[in-house]
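Step one of this worksheet: look at the structure below.
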There are 2 protein chains.
Amino acid sequence: MEQNKIPQATAKRLPLYYRFLNNLNQQGKNRVSSKELSEAVKVDSATIRRDFSYFGALGKKGYGYNVEYLLGFFRSTLDQNETTEVALIGVGNLGTAFLNYSFLKNNNIRITKGFDANPEKAGTNIGGVPIYHIDELHEKLEGIRVAILTVPATEAETITEVLVKEGIEGILNFTPARISVPERIRVHHIDLAVELQSLVYFLKHYPLGE
Amino acid sequence: MEQNKIPQATAKRLPLYYRFLNNLNQQGKNRVSSKELSEAVKVDSATIRRDFSYFGALGKKGYGYNVEYLLGFFRSTLDQNETTEVALIGVGNLGTAFLNYSFLKNNNIRITKGFDANPEKAGTNIGGVPIYHIDELHEKLEGIRVAILTVPATEAETITEVLVKEGIEGILNFTPARISVPERIRVHHIDLAVELQSLVYFLKHYPLGE
DNA sequence: ATTCATTTGTGAAATTTATCACGACTATTT
DNA sequence: AAATAGTCGTGATAAATTTCACAAATGAAT
């Protein structure tokens with residue numbers, strides 16, 4: 001929206017910073033240096049300072065950063081003041097795990113609806129989230145802009161087309177399929193098999209430190 | 001091990017290429033161009049050619065790549081000839097999903113043992129994988145070099161210490177904790193909340209195409 | 001007050017990654 | 001056999017990201 005000056009690599013780290021600042025705040029700390037933060041999040045301290053600097057001078061030389069101030073700043077930057085509703089498509093093993101997983105403790109993103117092709121699941125409630133049949137996407141998806149895709153790989157492409165038609169703007173894709181979407185739609189892939197394989201590859205070919 | 005010349009960015013894409021080559025092979029295709037592959041995996045064709053070129057001249061000008069040859073090449077490069085055993089630590093919702101998830105169809109990585117702190121889970125069997133009590137790590141972890149960490153965040157650090165002591169070399173960490181390990185140990189983080197938050201951030205701040 | 005140990009913010013350099021663009025070669029068609 | 005359309009491999013360039021290293025500012029200690 002505003003300044004597209006923030007590098008993508010930086011943007012990806014913001015939620016991480018936000019979470020650890022929350023931790024610090026809850027621990028009652030009111031001051032933190034880039035060095036301390038670096039040890040906590042495992043990101044080089046110069047990188048952290050550089051990241052913060054894109055938003056202006058948030059710290060004080062010789063002092064560090066004020067936790068509360070920084071937290072407030074990130075809260076508004078990450079839009080944590082307004083709630084974002086997310087739909088979960090595919091209530092299988094992985095989808096169920098997400099519904100039960102309260103991984104959204106410190107932030108205002110909520111999975112508010114689940115969808116599945118199995119009619120027996122429709123009408124149920126998992127982890128406090130109501131489940132609907134996949135055919136109800138049209139009626140129930142209004143106002144929701146983000147979807148988590150945890151369907152079988154074979155269904156991914158078909159369901160993506162429906163999601164696109166219904167106006168979804170962002171998809172977090174957990175299927176191994178590389179889905180095709182119009183340019184305006186953002187897809188992030190989390191590919192569990194690829195992650196595991198590449199970890200194994202790195203172990204064998206890049207032994208020891210980084 | 002051998003040439004550390006392969007860029008990390010390339011190494012991360014290898015498993016992806018491998019999977020799609022497998023698909024093509026199963027479809028009976030025996031020839032593929034970087035352009036076709038590009039459309040399938042959503043990676044620029046020049047990048048694909050560059051990636052392949054680190055391993056030598058695998059293709060033929062004016063022709064493309066022979067699927068079977070390429071597949072054989074990647075199989076040995078990705079060590080798909082030998083089986084890699086992986087332990088899953090933490091049989092909660094997410095862990096159970098992985099055990100049931102046969103996301104390791106086309107490759108030789110297998111979750112062979114699960115561990116959990118709940119004594120009631122010990123002795124059971126989920127998705128064909130035997131579950132042991134976490135106290136049995138010492139006896140049961142021999143020969144296993146990779147672990148998937150799906151325990152509660154509060155337990156992550158303590159259990160990581162045990163894993164390190166038992167000789168684990170690589171950890172795929174699904175907890176939001178940023179665990180501390182000696183330099184020789186490789187950790188890849190998959191942070192679901194961060195992924196979701198950063199997707200939402202990108203949507204709001206970087207609208208439309210990339 | 002003065003000194004000292006810290007710590008930021010950032011110019012500059014280094015490193016890593018992605019992309020362009022084209023010569024060289026291949027297969028196919030006419 | 002010549003023309004054509006397709007494709008790789010790669011030098012060169014561009015873009016993105018990380019890291020170094022230090023002046024300037026701060027707070028604490030004496």
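Computed from heavy atoms alone, side chains included, the values below leave out hydrogens, waters and symmetry copies. In the text below, chain A, chain B and the rest are named by the order of the sequence lines, each starting its count at 1.
In this structure, A:Thr150 contributes its side chain and A:Ile89 its backbone to a donor-acceptor pair below 3.5 Å. Looking only at distances, a side-chain donor or acceptor of B:Gln80 sits under 3.5 Å from a matching main-chain atom of B:Asn108.
Nearer to the 5' terminus of DNA chain C, by closest-nucleotide assignment, is the contact made by A:Lys61 (compared with the other of A:Arg50 and A:Lys61). In terms of position on DNA chain C, the residue among B:Thr47 and A:Gly62 whose nearest nucleotide sits closer to the 5' end is A:Gly62. A residue-by-residue look at A:Thr10 and A:Lys60 shows that A:Thr10 has its nearest nucleotide of DNA chain D further toward the 5' end.
Note that the CD atom of B:Glu39 and the OG atom of B:Ser33 stand 7.5 Å from one another [nearest 0.5 Å].
Scanning for side chain to side chain contact (heavy atoms under 4.5 Å, CB included) contacts around B:Thr47 gives B:Arg13, B:Val43, B:Asp44, B:Asp51, with sequence neighbours left out.
Here D:dG27 is the nucleotide among C:dT19, C:dG9, D:dG27 with the atom lying nearest to any side-chain atom of A:Tyr63. Listed candidates were C:dT7, D:dC8, C:dG9. Nearest to the side chain of A:Ser53 is C:dG9. Each of C:dC20, D:dC20, C:dG9 was ranked by its minimum atom distance to the side chain of A:Ala46; first place goes to D:dC20.
Using a 4.0 Å heavy-atom distance criterion, B:Ser34 is classed as a sugar-phosphate-only contact. Residue contacts shown for A:Phe52 are absent, as no nucleic acid heavy atom lies under 4.0 Å away.
For the pair A:Tyr65 and C:dT6, the criterion of a side-chain N or O lying under 4.0 Å from OP1 or OP2 is not met. Applying the 4.0 Å criterion to OP1 and OP2 of D:dA21, one finds that A:Arg49 has every side-chain N and O outside that range.
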